[in-house]
Asks: 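This structure is in structure tokens; I'll ask about it shortly.
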Amino acid sequence: MAIPDNAIRHSVVVPLIQSDAFRLFTDGLASWWPAEYTWSQGTLVDLRIEPRKSGRCTEQGPYGFECDWGRVLEWSAPEKLVITWQIGLNREPQPDPEQASTVIIDFRPETSDTCSVTLEHRNIERHGQGADEYQAALSSDYGWPFILHRYVEAAKRFDR
């Protein structure tokens with residue numbers, strides 16, 4: 001499948017087998033996602049991805065606070081995860097999936113004990129006005145590269 005010209009794409013290699021890399025990314029999301037990149041920040045309770053098509057990707061904060069980040073479009077463990085990205089330019093929730101972008105995460109064995117993880121963020125133009133700035137921010141050193149760096153660091157500490 002061709003990569004759209006405006007897609008953001010970043011790959012990392014983690015010292016985990018494919019199934020563990022997938023499990024850390026999904027089940028362990030709260031253990032590595034930067035808390036400063038959540039609404040709850042220092043009071044974050046959990047981040048969850050329900051392991052099924054149409055499952056919710058949800059942030060849970062204090063006092064019952066919940067906010068959906070998106071929905072699972074494809075759950076093909078341990079190879080692939082596709083979700084809608086329903087967070088807008090100014091970190092505003094976007095409840096309309098027609099105005100959401102798409103994040104595709106592929107997990108491919110690299111060696112017998114490493115896995116290549118490629119994140120591709122597509123359809124950012126669906127976020128509307130300011131989408132170019134949003135794409136630039138997500139592509140910057142403080143966007144997906146920073147987030148994936150946190151994932152790599154967590155993978156180094158992963159307890160099988």
Side-chain angles (χ1 to χ4, degrees), residues 1-14 21-22 24-61 65-108 110 115-155:
M1 177 185 302
I3 300 167
D5 290 340
N6 62 347
I8 298 168
R9 188 168 200 219
H10 294 283
S11 295
V12 294
V13 175
V14 294
F22 188 91
L24 175 61
F25 200 99
T26 57
D27 295 347
L29 185 61
S31 72
W32 62 268
W33 189 272
E36 62 270 30
Y37 284 25
T38 68
W39 286 288
S40 302
Q41 307 247 328
T43 60
L44 179 67
V45 173
D46 201 7
L47 295 173
R48 291 196 176 144
I49 302 175
E50 295 174 340
R52 59 182 169 77
K53 187 172 180 172
S54 299
R56 296 166 56 205
C57 179
T58 305
E59 173 181 336
Q60 295 176 327
F65 169 82
E66 279 195 356
C67 186
D68 286 352
W69 289 12
R71 292 274 191 257
V72 174
L73 298 175
E74 180 180 340
W75 182 279
S76 298
E79 296 92 16
K80 187 175 191 177
L81 172 67
V82 181
I83 60 171
T84 59
W85 186 253
Q86 293 180 231
I87 301 171
L89 172 64
N90 296 313
R91 295 179 28 150
E92 298 165 349
Q94 176 48 263
D96 182 359
E98 295 299 316
Q99 294 182 8
S101 51
T102 306
V103 177
I104 303 162
I105 306 101
D106 281 307
F107 302 82
R108 301 282 174 238
E110 187 83 4
C115 182
S116 173
V117 180
T118 301
L119 182 143
E120 187 176 311
H121 195 152
R122 296 181 176 185
N123 311 116
I124 298 169
E125 72 280 356
R126 290 183 184 165
H127 290 282
Q129 187 173 7
D132 290 341
E133 293 84 10
Y134 195 27
Q135 181 163 358
L138 290 167
S139 297
S140 77
D141 289 344
Y142 297 102
W144 284 119
F146 177 75
I147 293 166
L148 289 174
H149 172 74
R150 291 280 183 97
Y151 171 69
V152 170
E153 291 303 309

Asks: How long is the span from the SG atom in Cys57 to the CG atom in Leu81, to the nearest 0.5 Å?
Replies: 8.0 Å
Asks: Who are the side-chain contact (heavy atoms from CB on, under 4.5 Å) partners of Tyr142, not counting sequence neighbours?
Replies: Tyr37, Ser140
Asks: Please identify each residue that fulfils ring-ring contact (aromatic ring centres under 6.0 Å, His included) with Trp75, with sequence neighbours left out.
Replies: Phe22
Asks: Using the test side chain to side chain donor-acceptor pair (under 3.5 Å), find all partners of Glu133 that sit at least two apart in sequence or belong to another chain.
Replies: none
Asks: Please list, chain by chain and in numerical order, all residues satisfying side-chain contact (heavy atoms from CB on, under 4.5 Å) with Pro145, sequence neighbours excluded.
Replies: His10
Asks: Which distance, rounded to the nearest 0.5 Å, do you find between the CD1 of Ile83 and the CD of Glu50?
Replies: 12.5 Å
Asks: Among all residues two or more places apart in sequence or in another chain, which pass the salt bridge (Lys or Arg N to Asp or Glu O under 4.0 Å) test with Asp132?
Replies: none
Asks: Please name all residues satisfying salt bridge (Lys or Arg N to Asp or Glu O under 4.0 Å) with Glu66, sequence neighbours left out, ordered by chain then number.
Replies: Arg56
Asks: Run Leu24 and Ser31 through side-chain contact (heavy atoms from CB on, under 4.5 Å) and show every step you take.
Replies: CA-CA 8 Å; Leu24 175 61; Ser31 72; 3.8 Å; yes
Asks: Could you report the tightest heavy-atom contact between Val14 and Ala21, atom names first, then the distance?
Replies: CG2-CB, 3.9 Å
Asks: Please identify each residue that fulfils side-chain contact (heavy atoms from CB on, under 4.5 Å) with Ala35, with sequence neighbours left out.
Replies: none
Asks: Would you find a donor on one side and an acceptor on the other, under 3.5 Å apart, between the side chain of Glu59 and the backbone of Trp39?
Replies: yes
Asks: Nearest 0.5 angstrom please: Ile124 CD1 to Trp85 CH2, how far?
Replies: 10.5 Å
Asks: Applying side-chain hydrogen bond (donor to acceptor under 3.5 Å, both in side chains) as the test, list every pair that has at least one member in residues 89-98; sequence neighbours left out.
Replies: Gln94-Gln99
Asks: Count the heavy atoms of every other residue, nucleotide or ligand shown that sit under 6.0 Å from CZ of Arg48, and state whether that count exceeds 12.
Replies: no
Asks: In chain order, what residues pass the side chain to side chain donor-acceptor pair (under 3.5 Å) check against Arg126, with sequence neighbours excluded?
Replies: none
Asks: Is there a side-chain contact between Asp141 and Phe146 in this structure, where contact means two heavy atoms from C-beta onward sitting under 4.5 Å apart?
Replies: no
Asks: Not counting sequence neighbours, which residues clear side chain to side chain donor-acceptor pair (under 3.5 Å) with Gln86? List them please.
Replies: Thr84
Asks: Measure across Thr38 and Gln41 and return the closest heavy-atom pair with its distance rounded to 0.1 Å.
Replies: OG1-N, 2.9 Å
Asks: What's the separation between atom CD in Glu74 and atom OG1 in Thr102, rounded to the nearest 0.5 Å?
Replies: 11.5 Å
Asks: With sequence neighbours left out, what residues match Glu79 under side chain to side chain donor-acceptor pair (under 3.5 Å)?
Replies: none
Asks: Counting C-beta onward and ignoring hydrogens, is there a side-chain heavy-atom pair between Pro34 and Ile147 closer than 4.5 Å?
Replies: yes
Asks: Search all heavy atoms of Leu44 against all heavy atoms of Gln60 and return the closest pair with its distance.
Replies: CD1-O, 3.5 Å
Asks: Applying side-chain contact (heavy atoms from CB on, under 4.5 Å) to Arg108 and Thr118, what does each step give before you reach the verdict?
Replies: CA-CA 8 Å; Arg108 301 282 174 238; Thr118 301; over 6 Å; no
Asks: If we count only N and O atoms by modelled type, under 3.5 Å, do the side chains of Trp144 and His121 hold a donor and an acceptor together?
Replies: yes
Asks: Identify the heavy atoms of Pro95 and Pro93 that sit nearest to each other, and give their distance.
Replies: CD-O, 3.5 Å
Asks: Does some side-chain heavy atom of Trp69 sit less than 4.5 Å from a side-chain heavy atom of Leu47?
Replies: yes
Asks: Would you say that Pro51 contacts Val72 through its side chain, given a criterion of any heavy-atom pair below 4.5 Å between the two side chains?
Replies: no
Asks: What are the two closest non-hydrogen atoms of Ala7 and Glu120, and how far apart are they?
Replies: CB-CG, 4.1 Å
Asks: To the nearest 0.5 Å, how far apart are OG in Ser54 and CG in Leu73?
Replies: 8.0 Å
Asks: For Tyr151, which residues count as a ring-ring contact (aromatic ring centres under 6.0 Å, His included) partner, sequence neighbours excluded?
Replies: Phe25, Trp32
Asks: Report yes if the side chains of Cys115 and Phe107 come closer than 4.5 Å at any heavy-atom pair, otherwise no.
Replies: yes
